[in-house]
2 protein chains.
Amino acid sequence: MVRQEAQREQTASMEDYLETIANLGEGRKVVRVKQISEMLGVKMPSVTSALKKLSEQELVEHERYGHIKLTPEGDKVARDVIRRHKALTRFFAQALGIDHETAEEDACKIEHVISPLSMERLAKFVEFIGACPLGRTNFPSRYEYYLEHGELPQDCSNRSVKKRK
Amino acid sequence: MVRQEAQREQTASMEDYLETIANLGEGRKVVRVKQISEMLGVKMPSVTSALKKLSEQELVEHERYGHIKLTPEGDKVARDVIRRHKALTRFFAQALGIDHETAEEDACKIEHVISPLSMERLAKFVEFIGACPLGRTNFPSRYEYYLEHGELPQDCSNRSVKKRK
DNA sequence: CAGAATTGTTAGACATGTCTAACAATTATA
DNA sequence: TATAATTGTTAGACATGTCTAACAATTCTG
């Protein structure tokens with residue numbers, strides 16, 4: 001319950017800017033203030049202002065009216081945000097069966113606040129159910145049945161565990 | 001990626017205050033500014049200021065130097081935050097095997113940003129693995145093996161699925 | 001019950017991050 | 001290439017939520 005700001009390196013906002021710049025810059029594409037502003041749903045002056053802060057921290061290279069580019073350090077931070085984002089999206093979509101849009105929205109929020117430990121475990125969970133056929137057949141199918149019918153499938157009781165031959 | 005503030009009823013901060021007041025008030029206990037401030041790790045003037053806002057919204061009853069109490073509406077909001085908090089804590093602790101302290105911290109953050117759909121699914125997931133013995137035996141035990149050894153347990157491969165008799 | 005200790009409030013500063021309005025630079029095009 | 005359209009920046013307002021310092025009320029205690 002205690003809210004003792006865990007001294008994150010970056011705020012959620014700044015992480016969003018870095019993430020967006022990395023995504024827009026994929027494949028050496030030129031990144032523009034306008035694009036960033038549209039992607040994040042903010043006005044251009046907000047972007048300019050964020051770029052100024054990120055430049056001061058040497059996470060972004062940016063000169064007036066000029067190019068926008070992540071520094072190696074900025075890229076490192078961005079990659080990490082993107083890694084969390086992807087793992088969370090996979091979790092919501094693949095493990096919980098959430099529609100992709102909602103999965104994305106939740107990932108966007110949670111990526112900024114989740115602890116490294118939970119993040120790691122969550123990623124492993126997704127890996128696990130993807131990799132383990134037993135996980136896949138026993139978990140998702142019965143889980144989906146449960147979601148749909150609100151009660152456990154027939155073979156899901158203490159008795160059936162033993163009885164099965 | 002778009003950050004179009006989903007018009008939450010309350011900000012994360014205000015939700016934290018409501019949640020804390022509800023928790024401190026359990027069993028008709030008197031709630032004090034000092035306690036709230038300690039619980040949330042903020043100074044007392046921050047609490048006074050938050051109480052003023054919440055009073056204006058009629059979520060809290062508070063008179064100068066007097067009692068602090070949730071209105072029925074405030075209680076409704078607080079209960080909902082607490083419900084999310086508990087479900088998230090259970091998920092991290094019971095499903096992912098995270099230590100209780102970290103589970104709490106993550107719940108505290110995520111409770112303010114997760115979508116209703118994901119929240120519901122996540123709760124159902126925890127219910128499911130708690131209720132379904134097949135879920136329990138097939139999922140957590142192999143999952144834990146995977147966490148510990150970094151690779152799948154022996155009976156977890158396409159071959160073994162068929163072979164098992 | 002009076003002074004001391006504690007608790008609570010007010011006023012106002014500050015940080016973050018957003019916005020609008022006005023202006024400047026760049027780019028496209030007639 | 002001059003002008004129009006677009007893109008980007010600056011300046012400054014505003015909202016949220018925190019803090020410190022100073023003061024006020026309440027409660028404890030000798």
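Sequence lines set the chain letters: A, B, ... in the order given, protein chains first and strands last, and positions in each chain run from 1.
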Rounded to the Å, how far apart are B:Glu15 CD and D:dT16 C1'?
-> 15 Å
Nearest-Å distance for atom pair CG/C1', residues B:Asp16 and D:dG17 = 12 Å
Between CG of A:Leu40 and C1' of C:dC19 the distance, given in whole Å, is 15 Å
From B:Met119 atom CE to B:Ile114 atom CD1, the distance as rounded to the nearest 0.5 Å | 5.0 Å
Taking only side-chain nitrogens and oxygens of A:Ser13, does any of them come within less than 4.0 Å of OP1 or OP2 of C:dT16?
-> no
Counting only side-chain N and O atoms of B:Tyr17, is one of them less than 4.0 Å from OP1 or OP2 of D:dT16?
-> no
Hey, are the side chains of B:Ile98 and A:Glu120 touching, using non-hydrogen atoms and a 4.5 Å cut-off?
-> no
Would B:Glu105 and B:Lys109 pass as an ion pair if we require N to O under 4.0 Å?
-> no
Do any side-chain nitrogens or oxygens of B:Thr11 fall under 4.0 Å of OP1 or OP2 in D:dT16?
-> no
Treat primed atoms plus P, OP1 and OP2 as sugar-phosphate and everything else as base, then score nucleotides 6-13 of chain C 5' to 3': B for base contact with protein heavy atoms under 4.0 Å, S for sugar-phosphate contact only, - for none.
-> -SBBB---
Any B:Lys43 side-chain N or O less than 4.0 Å from OP1/OP2 of D:dT18 = no
To the nearest Å, how far apart are B:His67 NE2 and D:dT26 C1'?
-> 16 Å
In whole Å, what is the span from the CD1 atom of B:Ile36 to the C1' atom of D:dT18?
-> 16 Å
Let me check something: any side-chain donor-acceptor pairs from residues 44-62 of chain B under 3.5 Å, sequence neighbours excluded? List them with distances.
unit_1	atom_1	unit_2	atom_2	d
B:Thr48	OG1	B:Met44	O	3.4
B:Ser55	OG	B:Leu51	O	2.8
B:Gln57	OE1	B:Gln10	NE2	2.9
B:Glu61	OE1	B:His67	NE2	3.3

Could you list the donor-acceptor pairs under 3.5 angstrom formed by side chains in residues 121-129 of chain A, with sequence neighbours left out?
unit_1	atom_1	unit_2	atom_2	d
A:Arg121	NH1	B:Leu96	O	3.0
A:Arg121	NH1	B:Gly97	O	3.0
A:Glu127	OE1	B:Tyr146	OH	2.5

So, are A:Lys76 and A:Asp80 salt-bridged, with charged N and O less than 4.0 Å apart?
-> no
